[in-house]
Amino acid sequence: MFLLFFLPGIAMSSWVTRTPDVRDQLGLSTGQMGLVLFGLSIGSMIGILCSGRFVSRFGTRPVIALGTLLIITGTVVIGTGSAVRSAPLVTAGLCLFGAGMGGGEVAVNVDGADVERITGTAVLPTLHGCFSLGTVIGGSAGMAATAVAFPVHWHLTVIALVATGMLVHALRAVPAGIGISTAPSTPGPGPVSGQPSKPQVWKDRKLLLIGAIVLAMALAEGAANDWLPLLMVDGHGLDAAMGSLVFVGFAAAMTLGRFSGSFFLSRFGRAAVVRASAVSGAVGLLLVIFSDNAVIAATAVLFWGLGASLGFPVALSAAGDSGPDQTARVSLVAVIGYVAFLVGPPALGFLGDHYGLRSAMVVVLVFVAAAILIAPAADTRDRAAATVDPAQRTRPSTTPAGQHQGDRS
């Protein structure tokens with residue numbers, strides 16, 4: 001599980017740290033680069049829209065395998081497109097990459113939520129911390145490659161080979177059958193042929209508020225992953241290597257926040273942690289956008305990273321505790337999160353072309369500020385207790401912690 005989160009982080013940051021070089025090799029403007037990144041959005045939407053159905057039918061293991069293979073293939077195609085200076089080929093590579101992220105990452109989060117249910121331990125922040133750790137390592141390698149002008153295509157080819165080895169090793173540990181639906185949804189209002197129908201989780205107001213939290217925080221993370229190096233280069237006058245260094249700082253702050261998340265969750269609860277995260281993210285974005293001092297802006301990126309670190313995994317945990325049919329609930333919130341993470345940021349390029357990337361980030365700031373107000377929706381402890389089967393309440397607990405998952409925080 002840890003490697004399956006770590007792998008996409010390395011692949012994503014390897015591409016992100018080379019975006020200034022790719023843009024220059026292709027000779028594109030910010031708006032044209034936004035069109036190239038739109039390939040990531042198209043692929044992401046395809047993967048996201050298919051993921052829930054595929055997981056319900058085949059389970060998480062094959063969906064994770066296919067998604068990760070698409071990420072690896074996309075990385076190679078992006079590098080090839082950069083080598084031959086073909087914007088359409090880079091766009092196609094990003095489409096494959098996005099389809100892999102959108103499909104595979106939803107499935108691996110369903111697995112992570114299942115581990116939480118079984119162990120009674122908050123593991124999703126740590127798992128997402130492995131993604132962020134991957135971005136730190138990949139970003140550091142990308143920064144070094146940028147500094148020595150190492151060709152983009154060779155850099156991404158090496159990353160693809162390393163990722164392939166990780167996938168072969170990690171996939172053997174993923175159990176089969178996780179996420180397969182035993183209660184298929186039906187178009188009618190009630191059961192058909194004696195089979196129960198799934199609850200329509202998208203009508204759950206509390207769950208939709210949790211989805212709004214993950215949308216805001218995933219957008220903050222995705223915006224940095226897509227645009228932070230260019231934002232520091234074009235918006236604050238840093239060179240490409242320093243822009244990559246700032247991104248590594250963001251990724252390091254994300255990693256620190258996620259690996260320490262379980263400590264704070266156990267002491268302060270989900271709502272307080274989400275609110276504090278949103279405040280930190282808003283402060284960081286505010287300084288990056290409105291400060292003309294490059295040192296202050298680069299330092300503020302650390303607050304941005306800390307703020308964005310816990311919203312996604314904590315919201316997924318809250319979704320799993322929010323009612324019956326955990327797989328459907330986690331899948332819905334994960335889909336919202338990955339739409340924001342993968343589809344939303346490329347649209348900022350069009351705003352950046354007209355108003356500058358710093359001004360475009362005001363959109364992200366508004367969403368993160370809204371998350372401060374709706375943070376209490378992340379506290380689903382009472383609801384989780386209310387949805388436990390009455391027969392189970394009289395049975396001794398079998399979780400290592402001796403308590404229901406919803407009472408962790």
Side-chain angles (χ1 to χ4, degrees), residues 48 105-106 109-110 112-113 116 122-129 131-132 201-225 253-254 257-258 260-262 264-266 268-286 303-323 326 328-345 361-384 405-406 408-409:
I48 287 167
E105 292 303 287
V106 169
N109 275 287
V110 171
E116 285 199 336
V123 297
L124 275 169
T126 304
L127 289 172
H128 281 257
F131 175 88
S132 297
V201 294
W202 57 271
K203 290 185 177 181
D204 188 323
R205 181 176 177 273
K206 181 91 166 183
L207 189 63
L208 292 179
L209 287 175
I210 295 171
I213 292 171
V214 82
L215 187 152
M217 306 309 282
L219 179 62
E221 181 182 355
N225 281 340
M254 291 274 296
R258 284 173 169 171
S260 62
S262 296
F264 291 104
L265 286 167
S266 64
F268 302 107
R270 289 175 184 151
V273 168
V274 169
R275 181 178 285 115
S277 296
V279 169
S280 176
V283 169
L285 279 160
L286 193 69
F303 290 96
W304 182 355
L306 282 172
S309 63
L310 289 174
F312 204 154
V314 172
L316 289 173
S317 295
D321 281 347
S322 64
Q326 181 194 48
R329 290 174 178 274
V330 172
S331 293
L332 176 62
V333 172
V335 164
I336 293 172
Y338 282 109
V339 167
F341 180 73
L342 297 169
V343 179
M361 293 298 151
V362 172
V363 175
V364 184
L365 175 61
V366 170
F367 275 93
V368 172
I372 299 173
L373 303 177
I374 58 176
D379 190 352
T380 53
R381 289 173 297 177
D382 294 338
R383 175 179 284 208
Q405 181 195 355
R408 288 194 316 271
S409 54

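Everything quoted here is computed from the prediction, not taken from an experiment.
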Once you round to the nearest 0.5 Å, how far does [atom1] of [X] lie from [atom2] of [Y]?
X: L215; Y: L209; atom1: CG; atom2: CG; result: 12.0 Å
X: L265; Y: L310; atom1: CG; atom2: CG; result: 6.5 Å
X: S260; Y: L306; atom1: OG; atom2: CG; result: 7.5 Å
X: L332; Y: I210; atom1: CG; atom2: CD1; result: 10.0 Å

**Request:** Decide side chain to side chain donor-acceptor pair (under 3.5 Å) for S309 and R258; before the verdict, give the C-alpha distance in whole Å, the side-chain angles of both, and the deciding distance to 0.1 Å.
**Result:** CA-CA 6 Å; S309 63; R258 284 173 169 171; 5.5 Å; no
Taking every non-hydrogen atom, the tightest pair across [X] and [Y]:
X: A220; Y: A308; value: CB-CB, 4.2 Å
X: A278; Y: I372; value: CB-CG1, 3.4 Å
X: I213; Y: A377; value: CD1-CB, 4.3 Å
X: A340; Y: A218; value: CB-CB, 4.1 Å
X: T126; Y: S262; value: OG1-OG, 4.1 Å
X: V368; Y: M217; value: CG1-SD, 4.5 Å

**Item:** Any donor-acceptor pair under 3.5 Å from S280 side chain to S277 backbone
**Value:**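 Answer holds: no.
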Taking side chain as C-beta onward, heavy atoms only, is [X] less than 4.5 Å from [Y]?
X: L373; Y: R275; answer: no
X: W304; Y: M361; answer: yes
X: E221; Y: F131; answer: yes

